[in-house]
Undergrad: 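Handing you this structure, nothing more for now.
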Amino acid sequence: MPGPAGGGDLEPLADRVLACVQLIPAGRVMSYGDVAEFVGSRAPRQVGRILALAGGTVPWYRVLRSDGSCAEHLHSEQVASLVAEGVPFRGERVDMAAARWDGR
DNA sequence: TTTCTGACACTAG
DNA sequence: CCTAGTGCCAGAA
């Protein structure tokens, strides 16, 4: 194999991130860092960047910060969509302890 | 090649 | 509970 082959870069990081987000079941959520690690990358910021470019093609609202909060521009749609799917909330933030999805 | 930016994560106070 | 500072990686100019 051509290299350490730590995580297969067969496809652009963007495609793998979008695929991971689409795999998230309704009622569950994942943090940017979790998605990044799930795809084999350590750049949670890139995940947000990718969703910003093609977020309209995937349930981006199922992805938020590791503390359960979200960005200002998303706060309104983010919360509305999650509540509609039955995601457990704790005040203004999501209960990651119960809604966090680890890929199984 | 270097430099800047970004829908973040983490630790400390 | 909150804010502030630092480190991380990937892509574009």
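So that the names make sense, note that chain A is the first sequence line, chain B the second, and so on, each numbered from 1.
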Undergrad: Quick one: does A/Arg28's side chain have a donor or acceptor within less than 3.5 Å of a partner on A/Ala98's backbone?
TA: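 Pair found, side chain donor or acceptor close to backbone of A/Ala98.
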
Undergrad: With side chains defined as the heavy atoms from C-beta onward, is the minimum distance between A/Glu92 and A/Ser69 less than 4.5 Å?
TA: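 Answer no - side chains too far apart.
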
Undergrad: Figure out the CD1/C1' separation between A/Ile24 and B/dA7, and round it to whole Å.
TA: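 Distance check: A/Ile24 CD1 to B/dA7 C1' gives 14 Å.
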
Undergrad: Using a 4.0 Å heavy-atom cut-off across all strands, classify A/Arg42 as base, sugar-phosphate, or nothing.
TA: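 Counting heavy atoms under 4.0 Å across all strands, the contact made by A/Arg42 is with sugar-phosphate only.
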
Undergrad: Find out whether A/Phe89 and A/Val87 are in side-chain contact, i.e. whether some heavy atom of one side chain is under 4.5 Å from a heavy atom of the other.
TA: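 Sidechains of A/Val87 and A/Phe89: in contact.
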
Undergrad: Between A/Gln78 and A/Val63 (side chain of the first, backbone of the second, donor and acceptor by atom type, cut-off under 3.5 Å), is there such a pair?
TA: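 Yes, because the side chain of A/Gln78 sits within donor-acceptor range (under 3.5 Å) of the backbone of A/Val63.
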
Undergrad: Which residues within residues 62-69 of chain A lie with some heavy atom under 4.0 Å of an atom in DNA chain B?
TA: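 The stretch gives A/Arg65, A/Ser66 as the residues lying under 4.0 Å from the strand, ordered by number.
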
Undergrad: In this structure, how many angstroms lie between the C1' atom of B/dC8 and the CD1 atom of A/Ile50, rounded?
TA: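 A/Ile50 atom CD1 is separated from B/dC8 atom C1' by 13 Å.
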
Undergrad: For chain A and DNA chain C, what are the first and last nucleotides along the strand, 5' to 3', with at least one atom under 4.0 angstrom from a heavy atom of the protein chain?
TA: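 Using the under 4.0 Å cut-off, the span is C/dC2 to C/dA10.
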
Undergrad: Grab the OH-P distance between A/Tyr32 and B/dA7 for me, whole Å please.
TA: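 Result: 9 Å.
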
Undergrad: Take the protein atom CE of A/Met30 and the nucleotide atom P of B/dA9, then report the distance between them rounded to whole Å.
TA: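 These atoms are roughly 12 Å apart.
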
Undergrad: Specify the closest pair of heavy atoms between A/Arg62 and A/Ile24, including all atoms of both residues, with the distance to one decimal.
TA: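 Scanning both residues, the minimum pair turns out to be NH1-O, 2.8 Å.
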
Undergrad: Does the side chain of A/Glu77 come within less than 4.5 Å of A/Tyr61's, by heavy atoms?
TA: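 A/Tyr61 does not reach A/Glu77 side chain to side chain.
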
Undergrad: Between A/Pro44 and A/Arg49, who's closer to the 5' end of DNA chain B by nearest nucleotide?
TA: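 In this pair, the answer is A/Arg49.
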
Undergrad: In terms of hydrophobic clusters joined by side-chain contacts under 4.5 Å, are A/Val17 and A/Leu53 together?
TA: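 No, A/Val17 and A/Leu53 fall in different hydrophobic clusters.
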
Undergrad: Using atom CG of A/Leu53 as one end and atom P of B/dT5 as the other, report the distance to the nearest whole Å.
TA: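 Going from A/Leu53 (CG) to B/dT5 (P), I get 18 Å.
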
Undergrad: Using a strict cut-off of less than 4.0 Å between a Lys/Arg side-chain nitrogen and an Asp/Glu carboxylate oxygen, indicate whether A/Asp102 and A/Arg104 qualify as a salt bridge.
TA: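 Salt bridge between A/Asp102 and A/Arg104, a charged N being under 4.0 Å from a carboxylate O: yes.
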
Undergrad: Could you check how far CG of A/Leu13 sits from C1' of B/dG6, rounded to whole Å?
TA: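 From A/Leu13 CG to B/dG6 C1': 14 Å.
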
Undergrad: Nearest heavy-atom pair of A/Val21 and A/Leu51: which atoms, and what distance?
TA: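 Heavy atoms of A/Val21 and A/Leu51 come nearest at CG2-CD2, 4.0 Å.
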
